[in-house]
Amino acid sequence: MNILFTGVGRRIELLQAFRNAALVLNKNLKIYGADMAGTAPALAYCDYTRKAAPMKDSGYIDNLLQICADDHIDLLIPTIDTDLLVLSENKEKFEVIGTKVMVSAPDKIRICRDKNNTGKFFVDCGLHAPMPVNHWREYKGGYPAFIKPKDGSSSINAFKVENEEELVVCAARMEEYVVQPFVSGHEYTIDVFCGWDGEPVSIVPRERLQVRAGEVLKTKITMDGQMIEEARVLCKAFTPCGPMTVQLIRDDAGVDWFIEINPRYGGGAPLSMKAGARSAETVLKLLDGERVEYQYDIADGAIYSRFDQSVCIAEGKRQMKGVIFDLDDTLYSEKEYVKSGFKAVSDYLGGGFEEKLWQLFENGEAAITVLLEELGRTGEGKECLEIYRNHKPSIHLYEDAAEMIEKLKSRGIKVGIITDGRPEGQRNKIKALGLEVDDVIITDELGGSQFRKPCDIAFRIMAARWRMNPAEIVYVGDNPGKDFQAGRQLGIMGLWFKNNDGLYNRDFSGNSMGILKITDLMEYVY
């Protein structure tokens, strides 16, 4: 599954929720992040990053369509208000190329983008809402009052004013705005998630205990029956596609005053996911056409507090104390290993089949299986597979690799290997190459294939064993599709060995790392 998040920004918790959902459900997920500047922190948590045109650019949709077509994107998920309407209006164009867009209908988006429409919508649903006016001269609702942009988000330029003088000053700062009575009470957000048909899958009210710049810092899950029923009323009228966040204030009399609807993942939505609203899992199931049930098991009363954390976006040179290598197609040619394995199988079958096996492999076929079918020896498949996996390979380090490793060790620099794959086969490769390094972690030995890259556990273990700050470590790999994500999140510098003759060589244009020759590494460990 390939999912593209637009305006990815700081949505690290959201990406982590999807990553964990794929692990729980055992689904192969690749996360793409689109960003205009290429410096958003959440990009470090994506498998692939794409530079997108500005959202107000006339070519924005064409740019996204091209990205989705080139990368075979299955689902596009917007995360900010400003591109909801244009994506909704062009939803069918994406569906033509096989990309679903998780966004509500255009007429519903327009309700949210104009605060006048939002208030009327709430009232039409039979709910309470402080009704806005569009000019300070028209406002007769008493003070304190609340003024905010007509098409705003994230509480930017939203102010509580105590009198008409303050109202006039604030109004002069905005071109289009609304003024409404200020409602005093406790603030709540309701995180809603619906299926493609607008039917709720989860409804989670939570109290906003502490807020910064419109985004919650501390929240308490509050499974209030009245709010849940009011959210159901909204869902029936709005029929949201996917996520929706609703904001309200409950006054001292217990009346809920509804303020805003945002038909997207709110910044605090991952907190509801932690409490049991597994909407990321729901998205992956829906993409696979699976049926989903309403989620009742929510941790009522749970309190979550959030914090900031930095990631490195652009790496500079710094003195390193440790170097970790990938193995396959980084220190030796994996093609050489495959051919070595085919020779072992060929010898078992009587000899002379190496070229045939390689030709089948290059054609994308299950080489051993096809050959055995042609020979009428299908009953020997298991034996041949075991021979291939466990043979003693005839392989060689890339030119200068052994000398480079020795130079690193002579300078007192720790050298390690982190590699994916079946332990016996990877151990045989390391032995055949004569590699003598300080540490080797074969990720499958940690507990199975779920610990393979981009999982970061192996990197954490090696840094802990070496008692090094991750910023003092370099990781060298050949596959930007999986090798560097974990390191970037931990602060480990990544260097890309661009192996044009690699077994699974692909175009990784747009990645932020690269060295042409593996010996160039020496420049980074002065």
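Note that the numbering runs from 1 along the sequence shown for the chain. These numbers were taken from a predicted model, which means no experiment stands behind them.
Not one N or O on the side chain of N479 forms a donor-acceptor pair closer than 3.5 Å with the backbone of D483. Here the side chain of D251 pairs a donor or acceptor atom with the backbone of G254 at under 3.5 angstrom. Between the side chain of N163 and the backbone N or O of L167, no donor-acceptor pair lies under 3.5 Å. Although no hydrogens or angles enter the test, the distance criterion places no donor-acceptor pair under 3.5 Å between the side chain of T419 and the main chain of D326. Side-chain atoms of S272 do not come within 3.5 Å of backbone N or O of G268 as any donor-acceptor pair. Side-chain atoms of K285 never come within 3.5 Å of backbone atoms of R291 as a donor-acceptor pair (strictly under, hydrogens ignored). Using modelled atom types, one side-chain atom of D300 and one backbone atom of M223 make a donor-acceptor pair closer than 3.5 Å.
Heavy-atom neighbours of N26 CG from other residues, nucleotides or ligands within 6.0 Å: at or below the threshold of 12.
At least one side-chain heavy atom of K482 sits under 4.5 Å from a side-chain heavy atom of D420. Contact check for V474 versus I324: no side-chain heavy atoms found under the 4.5 Å cut-off. For the pair L75 and L4, the minimum side-chain heavy-atom distance is 4.5 Å or more. Between P144 and E162 there is a side-chain heavy-atom pair separated by less than 4.5 Å. Side-chain contact between W257 and F122 is absent, with no heavy-atom pair separated by less than 4.5 Å.
Both tests do not hold together for K150 against Y177: distance to the six-membered ring centre under 6.0 Å, angle to the ring axis within 45°. Cation-pi geometry between R232 and Y294 is met: under 6.0 angstrom from the ring centre, within 45 degrees of the axis.
R208 and T219 share no donor-acceptor pair across their side chains, judged by distance under 3.5 Å alone. Remark: the Q66 side chain and the D70 side chain contain an N/O donor-acceptor pair separated by less than 3.5 Å.
Aromatic ring centres of F146 and F159 lie farther apart than the 6.0 Å criterion allows.
Across T99, I73, T6, N90, a single residue satisfies side-chain contact (heavy atoms from CB on, under 4.5 Å) together with L64, and that is T6.
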Report task. Might you work through the side chain to side chain donor-acceptor pair (under 3.5 Å) test for D191 and T245, ending with a clear yes or no? Result -> CA-CA 5 Å; D191 291 320; T245 59; 5.4 Å; no

Indicate every side-chain donor-acceptor pair of residues 8-19 with a distance under 3.5 Å to a residue at least two apart or in another chain.
| from | atom 1 | to | atom 2 | distance (Å) |
| --- | --- | --- | --- | --- |
| R10 | NH2 | D308 | OD1 | 3.1 |
| R11 | NH1 | Y265 | O | 3.0 |
| R11 | NH2 | T79 | O | 2.8 |
| R11 | NH2 | Y265 | O | 3.1 |
| E13 | OE1 | R306 | NE | 2.9 |
| E13 | OE1 | R306 | NH2 | 2.7 |
| R19 | NH1 | D47 | OD1 | 3.3 |
| R19 | NH1 | D47 | OD2 | 2.8 |
| R19 | NH2 | Y45 | O | 2.8 |

